[in-house]
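Position 1 is the first residue of the sequence; numbering continues from there. Remember, it's 1-based here, ligands and their atoms both numbered in the order they're listed.
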Amino acid sequence: MKLPHHLSIKNSHLHINGIDCITLAQTYGTPLYVTSEDRIVEQFQRYKKALSERYPRVQVLYAAKANGNLAVMRALAGLGAGADVFSSGELHLALDAGMPAEKLLFNGSSKTPADLALAVYKDVKVSVDSLEELHQLDGAAKAAGKITKIAFRVNPALEVPTHPKIATGLATSKFGIPHKEIPGAYREALSCTNVRPVGIHCHIGSQILDIEPFIRAAEVMVGIAAKLTDMGVQLEFIDLGGGLGISYRHDTDPAPTPEDYAAEVVPVFSAGVKACGISPELWVEPGRSLVADSTVLLTRVNSIKSAHKKFVNVDAGFNLLIRPAMYDAYHEVIVANKADAPLTTEYTVTGPICETGDILAPDRKLPDLAAGDIIAVLDTGAYGFSMSSQYNCRPRCPEVLVREGEAALMREGENTGDITARMQRPLWQR
Ligand code: LLP
């Protein structure tokens, strides 16, 4: 199987940045998420370079929802990244990681009064999702005696080739304001006293393996920019969102690279803004394509059962990686201690959760397995830990970060006490 260059096989063991995954599993226990900081740095720099070579004013806003570990966010902050934050929690993460407020965009289709007040207080730009939210934000900014800069989230009504649960810019999606109503929304914003419209924002979906929809989105956005410029809106940025897919099937699914994205999308963008006579910043919000392939989830084989199929029961399930159960997502698996052994037997890798759907990888050809083997689930750096839960009272596992041959915990594992710690005994049970 093709592997990204931070993963390698030596002495039959899978290594990440030169560190033996089996040693990591022995040191920290399983299940265990292991992330390569070097890989994240490399991917971010590729993005920044590819875009900046074609347009002079670029901001890469990391989509914090993909992986909200502070160590990951800190590494990205150190490279100059901003962030797309989708909650007050993610806003705190980004600020704690050292990202400056001016490089953040507070997104979200259902913000609370507290979210809006926090954005105002921290001077973070807000992507406004409805007219009602516009007026709530205007009120919050007025109460604080501030002017808050905003964009509207545009719903460009674009079909995209991805799983329907992660297409976000369909005419029927819950996100944003229909593109035809956008000029009216800006007119309304211009009449508000405490918000100032300075940007436009869209995000058409996630895990998109075709560049064409991004080109369509850029066309819609520069078309809107022309109308807004005529209306007197001074655009400081146009945010094209995230969504670039990755090759989850390493040998068969080619994925567009950040260079492909830049080569095809940026010319449409720059011609469009030039025609408007403006030079706003180009913002993008990648999540998955920055962090997904940086990470492996190491999980130990508890037992093997031959029933109507050969089931490999491992210690990580959809409590730690929900993508296969939720989106029928495919993740490559490698037996980390038998990484170059012949693939002789078909197994279905199943988690420990009490649900029939708790299958990490169905029908995979793997080496002959035994209890104690360690399976690495690849490409789990995006929407892996960040979507984990404590279902079945399972503590979340630790996360380790590796960099230049060194490994360190970036999150301790939980224990059952952590799960019960905030539970309360109601008075009548005392
Ligand atoms: N910007 C906004 C406003 C978003 O909603 C998202 C993702 C992104 C940026 C980043 O998109 P990316 O570059 O990662 O595709 N849990 C799903 C993915 C949900 C994506 C939601 N929004 C999965 O595991 O496939």
| remark: Residue, atom and distance of the protein heavy atom nearest atom 17 (C) of ligand 1 read Tyr327 OH, 3.1 Å

| query | Is any N or O atom of His201, backbone or side chain, closer than 3.5 Å to an N or O atom of ligand 1? | reply | no

| Nearest heavy-atom pair of Ser294 and Arg39: which atoms, and what distance? | CA-CG, 3.9 Å

| Which of the numbered atoms in ligand 1 are below 4.0 angstrom from a heavy atom of Asp84? | 1 (N), 2 (C), 8 (C), 9 (C)

| request: Verify whether the ring centers belonging to Tyr55 and Phe269 lie closer than 6.0 Å. | output: yes

| message | I'd like the name of whichever of Arg288, Gln207, His203 reaches closest to atom 11 (O) of ligand 1 through any heavy atom. | response | His203

| Would the number of heavy atoms belonging to other residues, nucleotides or ligands and lying under 6.0 Å from CD of Gln390 be above 12? | yes

| task | Select the closest option to atom 1 (N) of ligand 1 among Met387, Glu285, Arg323, Met326, judged by heavy-atom distance. | result | Glu285

| query | What are the atoms of ligand 1, with element, lying closer than 4.0 Å to any heavy atom of Ala63? | reply | 8 (C), 9 (C), 10 (C)

| Relative to atom 20 (C) of ligand 1, which among Phe86, Tyr383, Tyr248 owns the nearest non-hydrogen atom? | Tyr383

| field | Contacting atoms of ligand 1, where contact means under 4.0 angstrom from a heavy atom of Ile166 | value | 17 (C), 18 (C), 19 (C), 25 (O)

| message | Name the residue from Lys65, His201, Glu90 that meets the side chain to side chain donor-acceptor pair (under 3.5 Å) definition with Asn107. | response | His201

| field | Distance from atom 15 (O) of ligand 1 to nearest protein heavy atom, with residue and atom | value | Ser206 OG, 2.4 Å

| query | Would Tyr248 and Arg288 count as having a side-chain donor-acceptor pair, cut-off 3.5 Å? | reply | yes

| said: Show me which atoms of ligand 1 lie under 4.0 Å from any heavy atom of Gly243. | reply: 11 (O), 12 (P), 13 (O), 15 (O)

| query | ring-ring contact (aromatic ring centres under 6.0 Å, His included) between Phe152 and Tyr186: does it pass, once the steps are laid out? | reply | CA-CA 8 Å; Phe152 278 106; Tyr186 279 84; 4.8 Å; yes

| said: So if I apply the side chain to side chain donor-acceptor pair (under 3.5 Å) rule between Thr295 and each of Asn69, Asn67, Thr35, which one comes out positive? | reply: Thr35

| query | N/O of Asn107 under 3.5 Å from N/O of ligand 1, yes or no? | reply | no

| message | I'd like to know if the side chain of Asp20 pairs up with that of His13 as donor and acceptor (distance under 3.5 Å, no hydrogens or angles considered). | response | yes

| Heteroatom proximity flag, Lys65 to ligand 1, N/O under 3.5 Å | yes

| field | Heavy-atom gap Pro286 to ligand 1 smaller than 4.0 Å | value | yes

| Residue-ligand contact Ala66/ligand 1, heavy atom below 4.0 Å | no

| At a 4.0 Å threshold, what atoms of ligand 1 neighbour a non-hydrogen atom of Gly242? | 9 (C), 13 (O)

| Between Arg153 and ligand 1, does any nitrogen or oxygen pair lie at a separation below 3.5 Å? | no

| query | Side chains of Glu188 and His135: donor-acceptor distance under 3.5 Å anywhere? | reply | yes

| message | Is it true that Asn302 and Asn313 share a donor-acceptor pair across their side chains at a distance under 3.5 Å? | response | no

